[in-house]
Asks: 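Here it is: the structure, laid out below.
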Number of protein chains: 2
Amino acid sequence: MAGSKVGSIGEYIRDQRQRAKISLRQLADAAGVSNPYLSQIERGLRKPSAEILQQIAKGLRISAEALYVQAGILEDRKADTDVQAAIRADLSLSERQKQVLLDIYESFRKENEGGVPAPADANDERKEAVE
Amino acid sequence: MAGSKVGSIGEYIRDQRQRAKISLRQLADAAGVSNPYLSQIERGLRKPSAEILQQIAKGLRISAEALYVQAGILEDRKADTDVQAAIRADLSLSERQKQVLLDIYESFRKENEGGVPAPADANDERKEAVE
DNA sequence: GCAGAGTGCTTGCTATAGCAAGCACTCCAG
DNA sequence: CTGGAGTGCTTGCTATAGCAAGCACTCTGC
């Protein structure tokens, strides 16, 4: 999907449907939503709920997440790193603690965008962080 | 969160709110939703849209995804990897950064020995770590 | 005691999501 | 030509999401 990340969900659905070479009614039937409503969604007249998006994704045989991203209700995340996935799934952490760790992890990665720093620099980093 | 992955979103929100030790109105204000509506959501009388869940997540300072998972609109992605192993193996972090993250992770887990704690504690931890 | 602050909930309303019934059109076979 | 199948859209309706106004309660200070 070239262009903006959060575009018109309706246009995106129509595009995917046309790529799949199925009619509006065929998709509506496969998705279990009414065909007039799907038409309205595609033309931007209605704003579908996440549940409807889930059904449409099923009918299109694509991930619901892809539609959520287009609809602006989910961040477009490239595959989680192992660290991120592990933190999210860790049952010994509260939701808030997970968010804190993820934020710190992310800020560390930003610092390292020019490369992983030498151990001497990392020393200073630790002192700041621990204090 | 032991037990079913997709439970009552209302109970979950109330639980997170009570862990954060904030009143219903405080969360409603922080989230930008009406307090009666939040009350209805917590009691399972209404079914909030993804947009409202997003706002509530912001007010609770947790990820929207966590609420989506509870609401059944997003799959809970499993991670087979352990947090500690993942941090150690992450090539985008320096060794010192890894240690910092591991220390924080460890201290979070220590705090949680009697159970998953109130997020207010995690708040303090974050301030220390970033400074 | 009363007033004020804070709490969670009730109630009635508006806007709109999502549907069913059906229209208008195109295409093709008999 | 007509009828049938398929297409996308219009229209009017119902159910409900989400809100504002306000109630009933608890607690505290004067």
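Lettering of chains follows the sequences in order, A, B, ..., and the numbering in each one begins at 1.
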Asks: C:dC19 P sits how many Å from A:L38 CG, rounded?
Replies: 10 Å
Asks: Just call it for A:Q40: base, sugar-phosphate, or nothing, with non-hydrogen atoms closer than 4.0 Å on any strand.
Replies: base
Asks: Rounded to whole Å, please give me the gap between CD1 in B:I9 and C1' in D:dG18.
Replies: 16 Å
Asks: Roughly, in whole Å, what's the span from CG in A:L24 to C1' in D:dG6?
Replies: 12 Å
Asks: Counting only side-chain heavy atoms from C-beta out, which of C:dC9, D:dT11, C:dG18 sits nearest to A:I52?
Replies: C:dG18
Asks: Look at the side chain of B:N35 and decide which nucleotide, out of D:dG22, C:dC19, D:dC9, has an atom nearest to it.
Replies: D:dG22
Asks: On the nucleotide D:dA15, are OP1 or OP2 found under 4.0 Å from the side-chain N or O atoms that B:R46 carries?
Replies: no
Asks: When you measure from the side chain of A:N112 to the backbone N and O of B:S92, does any donor-acceptor pair fall under 3.5 Å?
Replies: yes
Asks: Send over the distance from A:I56 CD1 to C:dC19 C1', rounded to a whole Å.
Replies: 14 Å
Asks: Ignoring backbone atoms, establish whether B:R17 has a side-chain N or O less than 4.0 Å from OP1 or OP2 of C:dT7.
Replies: no
Asks: Rounding to a whole Å, what distance do you find between B:R14:CZ and C:dG8:P?
Replies: 8 Å
Asks: Would you say B:S34 reaches D:dG18's phosphate, i.e. side-chain N/O to OP1/OP2 under 4.0 Å?
Replies: no
Asks: Would you kindly compare B:Q26 and B:P36 by the position of their nearest DNA chain C nucleotide and give the one closer to the 5′ end?
Replies: B:Q26
Asks: For B:L45 and for B:R25, find the nucleotide of DNA chain D with the closest heavy atom, then tell me which residue's nucleotide is more 5'.
Replies: B:L45
Asks: Using a 3.5 Å distance criterion without hydrogens, assess whether the side chain of A:R17 forms a donor-acceptor pair with backbone atoms of A:L60.
Replies: no
Asks: Atom CG of B:L53 to atom C1' of D:dG18: distance rounded to whole Å?
Replies: 13 Å
Asks: Has B:R43 got a side-chain N or O lying under 4.0 Å from the OP1 or OP2 atom of C:dC9?
Replies: yes
Asks: Specify the separation, in whole Å, of atom OH of B:Y37 and atom C1' of C:dG12.
Replies: 16 Å
Asks: Which part of the nucleic acid, if any, lies within contact of B:S49, taking any heavy atom under 4.0 Å across all strands shown: a base, the sugar-phosphate backbone alone, or nothing?
Replies: sugar-phosphate
Asks: Using a cut-off of strictly less than 4.0 Å, decide whether B:S39 has a side-chain nitrogen or oxygen near OP1 or OP2 of C:dG8.
Replies: no
Asks: Quick check: does any side chain N or O of A:Y105 sit under 3.5 Å from a backbone N or O of A:I87, one acting as donor and the other as acceptor?
Replies: no
Asks: Both A:K47 and B:I22 contact DNA chain C. Which one's nearest nucleotide lies toward the 5' end?
Replies: B:I22
Asks: Does the side chain of B:E106 pick up a donor-acceptor pair with the side chain of B:Q84 at under 3.5 Å?
Replies: yes
Asks: Over how many whole Å does the gap from A:E51 atom CD to C:dG18 atom P extend?
Replies: 8 Å
Asks: Could you tell me whether the side chain of A:Q55 and the main chain of A:G32 form a donor-acceptor pair under 3.5 Å?
Replies: yes
